[in-house]
Amino acid sequence: MLREQDVGHRIVVRRRVGVRGGRPVYSDALGELVELSETHLTLTTRQGRLRVPIAEVHRAKRVPAARRPTAAAMIELELAADEAWPAPVRARLGDWLLRAADGWTGRANSALPVGDPDRPLPAALDAVQRWYAGHGRPAMVNTPLPLAAPVGAELDRRGWGSRPPVLVQTAPLAALLAATSDEAIPAATGVPDPSRDPGDTTGTGRPAGPGGTADAGGAVVELAGAPSADWLAVAAGRKGGLPDAARHVLTAVDHIRFAHVYLDGGLVAVGRGTVTGQGRWLGLCLVEVLPAARRQGLAVRLIRALADWAAEAGATDAFLQVEQSNAGAVALYRKLGFTTHHTYLTRIAPQ
């Protein structure tokens, strides 16, 4: 049977749809699992969205993706994401990256095991633990899957724990611009804003240049090269404070914009966009719409502003990272053309 870890992956479901001649009749469905609860599972198929009561499920399992990304593609994207979220303390273990940021966020405080660690796997993980112990931090390893499956298996043998799965999703920038156009934006109004997601932004359908402003249906979207004090206050409330290391993670990127959305003079939404990976990737993160302003399409407009900026900078693709349990964000990003490229787990050493 399916588990929470299967959300965001391709599955096949056989369900009972009736009885004929005293025998049950079954129907099969193939698609991406987008929601799993105690009573229902929901998947998107080529025919559309399908919600199946658990009581009707005869059998369900994960199946291989239609096309799995190559190891090279996963490494390229993981390195672009690392560049977009730079830890202030860094070291290398062969090709592996060791990162620390005073404990602020798992991504900035975990080893990234991509490439060759230049030693046997058990010795590499021993070295990871020594490095984090030397920095006074618990050892964590970010395991992109399926690329780092051998690392995950060794961590399983060692009894390491795991944080909830995260989906690494991508979309061609042209498709994202089309999905957030002036014509498409009204259709997105009412979609839950992804307030739990690592990334999100709003735009207007009209370019908002670096440091520029644009009127988004009564809301003003501003892009700036640095975050305002109010922007930082929203991020601090979401992330539980902003130590000095956090400010480095947030700002130490060459090509970056901080999106501010104002309504009636007050800040109602924020987001962050970066262009990394040799100029290819727009990274969306820290999109937050304040509760009183949600369900007005502001997240979509914010994303459009950052997409416009990234396109002007020469980017061709976009990525984001979202917890697979965040059904609202996953649904919104699907409407904007994002699909799951791969997943990752943050693994934590036993204490």
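Scope of the values below: all heavy atoms of this structure, side chains included, with no hydrogens, waters or symmetry mates.
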Between Thr340 (side chain) and His342 (backbone), is there a donor-acceptor pair under 3.5 Å? no
Side-chain donor or acceptor of Gln351 paired with backbone N/O of Ala349 under 3.5 Å: yes
For the residue pair Tyr26 and His58, categorise the inter-ring angle as parallel (less than 30°), tilted (30 to 60°) or perpendicular (more than 60°). tilted
Could you give the distance from CG (Leu145) to OG1 (Thr343), rounded to the nearest 0.5 Å? 4.5 Å
Quick check for you: to the nearest 0.5 Å, what is the distance between Gln321 atom CD and His341 atom NE2? 12.0 Å
In Å and rounded to the nearest 0.5 Å, what is the CH2 to CG distance from Trp231 to Leu286? 5.0 Å
So, do Pro350 and Trp160 sit near enough that their side-chain heavy atoms are less than 4.5 Å apart? yes
Below 4.5 Å, heavy atoms only, C-beta onward: do Asp116 and Trp96 meet side chain to side chain? no
What I want to find out is whether Arg59 reaches Asp28 closely enough, with some N-O distance under 4.0 Å, to be called a salt bridge. no
Evaluate the criterion side chain to side chain contact (heavy atoms under 4.5 Å, CB included) for residue pair Val261 and Val270; output intermediate values, then yes/no. CA-CA 6 Å; Val261 183; Val270 301; over 6 Å; no
Can you tell me how far OG1 of Thr70 sits from CD1 of Ile75, rounded to the nearest 0.5 angstrom? 8.5 Å
Looking at Leu93, Val141, Leu125, which hits side chain to side chain contact (heavy atoms under 4.5 Å, CB included) with Pro113? Val141
Is the cationic atom of Arg107 (NZ for Lys, CZ for Arg) positioned less than 6.0 Å from the six-membered ring centroid of Trp85 and within 45 degrees of its normal? yes
List the steps and the verdict of side chain to side chain contact (heavy atoms under 4.5 Å, CB included) for Lys239 and Val234. CA-CA 9 Å; Lys239 293 292 188 180; Val234 173; over 6 Å; no
Tell me whether Leu155 is reachable from Val166 by hopping between hydrophobic residues (I, L, V, M, F, W, Y) whose side-chain heavy atoms are closer than 4.5 Å. no
Mind checking whether Leu121 and Trp131 sit in one hydrophobic cluster, side chains of I, L, V, M, F, W, Y counted as touching below 4.5 Å? yes
With no hydrogens and no angle check, is any side-chain donor or acceptor of Asp95 less than 3.5 Å from a backbone partner on Gly115? no
Would you say the side chain of Arg14 lies within less than 4.5 Å of the side chain of Ser27, judging by non-hydrogen atoms? no
Do Val151 and Val114 share a hydrophobic cluster (ILVMFWY, side-chain heavy atoms under 4.5 Å, transitive)? no
Quick one: does any side-chain atom of Arg16 pair with a main-chain N or O of Ala55 as donor and acceptor, under 3.5 Å? yes
Taking the side chain as C-beta and beyond, is there a heavy-atom pair between Ile11 and Lys61 under 4.5 Å? no
Fit a plane to each ring of Trp281 and Phe319, take the angle between them on a 0 to 90° scale, and name the class: parallel (under 30°), tilted (30 to 60°) or perpendicular (over 60°). perpendicular
Answer yes or no: is there an ion pair linking Arg347 with Glu154, defined by an N-O contact shorter than 4.0 Å? no
Do you know which two heavy atoms are closest between Ala307 and Leu177, and how far apart they sit? CB-CD2, 3.6 Å
Quick one: does His40's side chain have a donor or acceptor within less than 3.5 Å of a partner on Glu38's backbone? no
Val220 vs Leu263 side-chain heavy atoms within contact, under 4.5 Å: no
Roughly how far, to the nearest 0.5 Å, is CG of Leu112 from CZ of Arg99? 4.5 Å
Below 4.5 Å, heavy atoms only, C-beta onward: do Thr251 and Phe258 meet side chain to side chain? yes
Can you tell me how far the CG atom of Leu320 sits from the OG1 atom of Thr170, to the nearest 0.5 Å? 8.5 Å
Arg334 and Gln169: side chain donor to acceptor below 3.5 Å: no
I'd like to know if the side chain of Asn109 and the backbone of Gly103 have a donor-acceptor N/O pair within less than 3.5 Å. yes
Cluster link Val268 to Val221, ILVMFWY, side chain under 4.5 Å: yes
Side chain proximity check, Thr42 to Val52, heavy atoms < 4.5 angstrom: no
Starting from the C-alpha separation in whole Å, work towards a yes-or-no answer on salt bridge (Lys or Arg N to Asp or Glu O under 4.0 Å) for Arg294 and Glu288. CA-CA 9 Å; Arg294 291 176 184 166; Glu288 177 85 10; 3.6 Å; yes
Are Leu290 and Leu267 packed together at the side-chain level, in the sense that at least one heavy-atom pair is separated by less than 4.5 angstrom? no
Any chance you could lay out the side chain to side chain contact (heavy atoms under 4.5 Å, CB included) test for Trp309 and Leu282, step after step, and finish with the verdict? CA-CA 9 Å; Trp309 163 73; Leu282 163 64; 4.2 Å; yes
Applying side chain to side chain contact (heavy atoms under 4.5 Å, CB included) between Phe338 and each of Leu284, Val168, Val330, Val322, report the one that passes. Leu284
Could you tell me which non-hydrogen atom of Ala100 sits nearest to which non-hydrogen atom of Pro88, and how far apart they are? O-CD, 3.4 Å
Check whether Leu97 and Leu147 end up in the same hydrophobic cluster, where Ile, Leu, Val, Met, Phe, Trp and Tyr are linked by side-chain heavy atoms less than 4.5 Å apart. yes
Less than 4.0 Å between a side-chain N and a carboxylate O, is that true for Asp126 and Arg130? no
Are any side-chain N or O atoms of Tyr132 and backbone N or O atoms of Ala111, one a donor and one an acceptor, separated by less than 3.5 Å? yes
Answer yes or no: is there a donor N or O on one side and an acceptor on the other, between the side chain of His248 and the main chain of Pro86, under 3.5 Å? yes
Give the C-alpha distance, both sets of side-chain angles, the deciding distance and a yes or no for side chain to side chain contact (heavy atoms under 4.5 Å, CB included) between Leu345 and Arg163. CA-CA 6 Å; Leu345 293 174; Arg163 288 184 176 175; over 6 Å; no
Output yes when a side-chain donor or acceptor of Asp102 lies under 3.5 Å from a complementary backbone atom of Trp104, and no otherwise. no
Would you call Glu76 and Arg280 a salt bridge, using N to O less than 4.0 angstrom? yes
Got a donor-acceptor contact below 3.5 angstrom from the Glu35 side chain to the Leu43 backbone? no
Do His255 and Thr274 pair up side chain to side chain, a donor and an acceptor below 3.5 Å, judged on atom types alone? no
